[in-house]
Asks: 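Quick one: the structure is below, questions incoming.
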2 protein chains.
Amino acid sequence: MGVTIKDIAKAAEVSYSTVSKALRDSPLVKEPTKQKIIKIAAQLGYQPNVAARSLVSKKSHTIGIVWPTIERVTHSALITGLNKRLEELSYTTLISINDMEHAINTFNRYQVDAIVAFDERNSQEPANSTVPIITYGIAHEESPFPTVDVNRKQAVRAAVNYLTEHGHEEITYIGGMTKVDHLQEEKVNGFLEAVQENGIAASSVVIAVEDLESYDGYEAMKKVCAAQAVPTAIISGSHDLSKGILRAVHEKGLSIPGDVSIISYDNIPATESFEVPLSTVGVPLHTITEKLADVVMRLISEEKVEQNIYLEPELKITESCQTRRRS
Amino acid sequence: MGVTIKDIAKAAEVSYSTVSKALRDSPLVKEPTKQKIIKIAAQLGYQPNVAARSLVSKKSHTIGIVWPTIERVTHSALITGLNKRLEELSYTTLISINDMEHAINTFNRYQVDAIVAFDERNSQEPANSTVPIITYGIAHEESPFPTVDVNRKQAVRAAVNYLTEHGHEEITYIGGMTKVDHLQEEKVNGFLEAVQENGIAASSVVIAVEDLESYDGYEAMKKVCAAQAVPTAIISGSHDLSKGILRAVHEKGLSIPGDVSIISYDNIPATESFEVPLSTVGVPLHTITEKLADVVMRLISEEKVEQNIYLEPELKITESCQTRRRS
DNA sequence: CGCTATAATAACAACGTTGTTATTATTGTA
DNA sequence: TACAATAATAACAACGTTGTTATTATAGCG
């Protein structure tokens, strides 16, 4: 029951090949004819059949996204953003929440033009995909695919450096520490390296949290407050953790930044809606999606792409930080 | 560079139409020939081209899911489950995180066989889709589409009834109450109706929470504990809220079910991993996805489908509830 | 052995679109 | 006015697959 170019051709009293050209805005069609055809197409509610189109063009104008961990909220905003950006570039996204191999099979059938994989454990085997694949996560040389990587280590280092330069000598990092999640591990490593280099390793602490939920931050911060020596600055490993940390600070009656300065790692916007607008360090979400879409487009047009693409984090300081007098 | 049936035909020295039949397991092909073709197809890593297939069959074997609110975690498990079920039925899902209208246009181009909409505010206008649409949410007669609805009101009523029958006379409901979210409102209404009918309206309380996160439950429960008269039973509006409620109870040193009985609304599994396995009332996730997939299949094969399909909740009582002696 | 009935395979048209080639209409120029 | 050059449109093939029809190979039987 779908409207095809043949229906339009009949209505406009031209051949269907003329309709095809008119709708693709070809200069081979006279302007008035073109206008007439476009108008009729709109009236009939014509939607081009992607199957037919991709069959002949060998392009589907579709990007596959592998996202096996749909429950992880952190990535949701990322995918939403990427999807929006790709729509702007008139690509459609096909999201698969299966494992890599299964997803690639599906995507091959659909002849997607490229695949973006959010699978953390980027598989070592080259996974026989006929189309370019790009992964988001931790870059390493052996990866068979180009990778876009947020430089998390650098981000946390920047936060530590900033705080040290502003007189802080007791800094506590609250975040995930499981070896499994490399993304979290990188941040911790950045912290440890930086405090070492700045000579404040002795007075610096890492508090490991179970999960990255708001409540975990809350509990961790309560622990921190209970200790005899409260640090002068906190670095939080994620946006959600920061929410909990703020609650704990609030309950304890401490002031920010009077008693404690806080910098939160994140790449989500919306940190401004907090009671205290948080200082943050990380790559803006917009930058990541922009870059991912950009690389995908380059891969599709078969341009060369660097193996590892690092995005540099930005340090955004607000009133949640203040300079510390040496005591 | 993709492998087509013609490549297989050449390798197997048969015509391509024979290959097509062999791969679709047609009885028109002799068994040994069939086996040979299937083997070669596997060797070459053949994946049928969906574009070509759907062009000729007018079926895409693809289901579109409209999910504009990708950030809502609650639905994630639902979509993951639905996706898995549809895969079993050899359908692929196309998830769109755009608004209904935009999504329908995309889906029309892709010739999806049906659309499942998780958009809460199910639009009144019939949205000119050429394929059947089914919505998940609150059923009402005017909706232009068939709707699968969890009977939330009934669920909470069942919880209240159970508790009343077991001697509880002071019950508190903790949950969302904004008029905007009908899904939450229904539960509250169920509670209010039931306490009224059971004649315990005077001693029953509704605590409204801002959001449905774990922390909101925690805060609400702390408020409850602080009051002079602690209720003998709590009904929680969601799985996440329950997590926070349990923390608060734990902190306060109350025992479950000794001091307070708890029933949690939810349809997510994994409540068993809690310290105290919670009593729950709701429709099992599995039942919902099963039903949704079932209805979708019926719609595709053009069978008649009821306008509103109600799923009856199940009350699952564990050791988090106990009978209360009248004081 | 020769013929028909049937099994097995091959050839072909169609799905809706695009790019190329062929045809027809229009214009410019001597 | 006649003829080429060019503009506009139409016709056609192809993309990879499926369902239908046509052809060829095999078996059954008198």
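As the structure is a prediction and not an experimental result, all values here were calculated from the model. What's counted below: heavy atoms across the whole structure, side chains too, no hydrogens, waters or symmetry copies. A note on names: the letters A, B, ... follow the listed sequences, proteins ahead of strands, and every chain is numbered from 1.
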Asks: Using a heavy-atom cut-off of 4.0 Å across all strands, would you classify Ser54(A) as base, sugar-phosphate, or nothing?
Replies: nothing

Asks: Side-chain N or O of Ser20(A) less than 4.0 angstrom from OP1 or OP2 on dT18(C)?
Replies: yes

Asks: Could you check whether any side-chain N or O of Gln307(A) sits under 3.5 Å from a backbone N or O of Phe145(A), counting only pairs where one atom can act as donor and the other as acceptor?
Replies: yes

Asks: Is any side-chain N or O of Arg53(A) closer than 4.0 Å to OP1 or OP2 of dT18(C)?
Replies: yes

Asks: Between Thr18(B) and dA10(C), is there a contact of a side-chain N or O with OP1 or OP2 at under 4.0 Å?
Replies: yes

Asks: Are Glu88(A) and Arg85(A) close enough for a salt bridge, meaning some N to O gap below 4.0 Å?
Replies: yes

Asks: For the residue pair Thr106(A) and Thr92(B), confirm or rule out a side-chain donor-acceptor distance under 3.5 Å.
Replies: no

Asks: In whole Å, I'd like the distance from the CG atom of Leu23(A) to the C1' atom of dG16(C).
Replies: 13 Å

Asks: In whole angstrom, give the distance that lies between atom CG of Leu28(A) and atom C1' of dT20(C).
Replies: 11 Å

Asks: Does a side-chain N or O from Tyr110(A) land closer than 4.0 Å to OP1 or OP2 of dG16(D), or not?
Replies: no

Asks: From the options Val66(B), Val295(B), Ile134(B), select the one residue that forms a side chain to side chain contact (heavy atoms under 4.5 Å, CB included) with Val116(B).
Replies: Ile134(B)

Asks: Salt bridge check, Lys36(A) against Glu31(A): does any charged N sit closer than 4.0 Å to a carboxylate O?
Replies: no

Asks: Kindly give the heavy-atom pair with the smallest separation between Ala12(A) and Ile37(A), and that separation in Å.
Replies: CB-CG1, 4.2 Å

Asks: Just the rounded figure in Å: distance from P of dT9(C) to NZ of Lys34(B).
Replies: 10 Å

Asks: Tell me the interatomic distance from Lys10(A), atom NZ, to dT9(D), atom C1', rounded to whole angstroms.
Replies: 19 Å

Asks: Which sits closer to the 5' end of DNA chain C, Val29(B) or Lys21(A), going by the nucleotide each is nearest to?
Replies: Val29(B)

Asks: If the cut-off is 4.0 Å, is Arg24(B) near the phosphate of dG19(D), judged by side-chain N/O to OP1 or OP2?
Replies: yes

Asks: Distance check needed: dA8(D) P versus Glu31(A) CD, whole Å only.
Replies: 10 Å

Asks: Taking atom C1' of dG16(C) as reference, at what distance in whole Å does atom CZ of Arg109(B) sit?
Replies: 15 Å

Asks: Atom pairs, N/O to N/O, protein against nucleotides 12-15 of chain C, distance under 3.5 Å?
Replies:
{"residue": "dC15(C)", "atom": "O2", "partner": "Val56(B)", "partner atom": "N", "Å": "3.4"}

Asks: Applying side-chain hydrogen bond (donor to acceptor under 3.5 Å, both in side chains) to Ser20(B) and Ser17(B), what does each step give before you reach the verdict?
Replies: CA-CA 5 Å; Ser20(B) 168; Ser17(B) 58; over 6 Å; no

Asks: Could you tell me how far apart Ile8(A) (CD1) and dT18(C) (P) are, to the nearest whole angstrom?
Replies: 10 Å

Asks: Taking only side-chain nitrogens and oxygens of Thr33(B), does any of them come within less than 4.0 Å of OP1 or OP2 of dT9(C)?
Replies: yes

Asks: How many Å lie between CG on Asp25(B) and P on dG19(D), as a whole number?
Replies: 13 Å

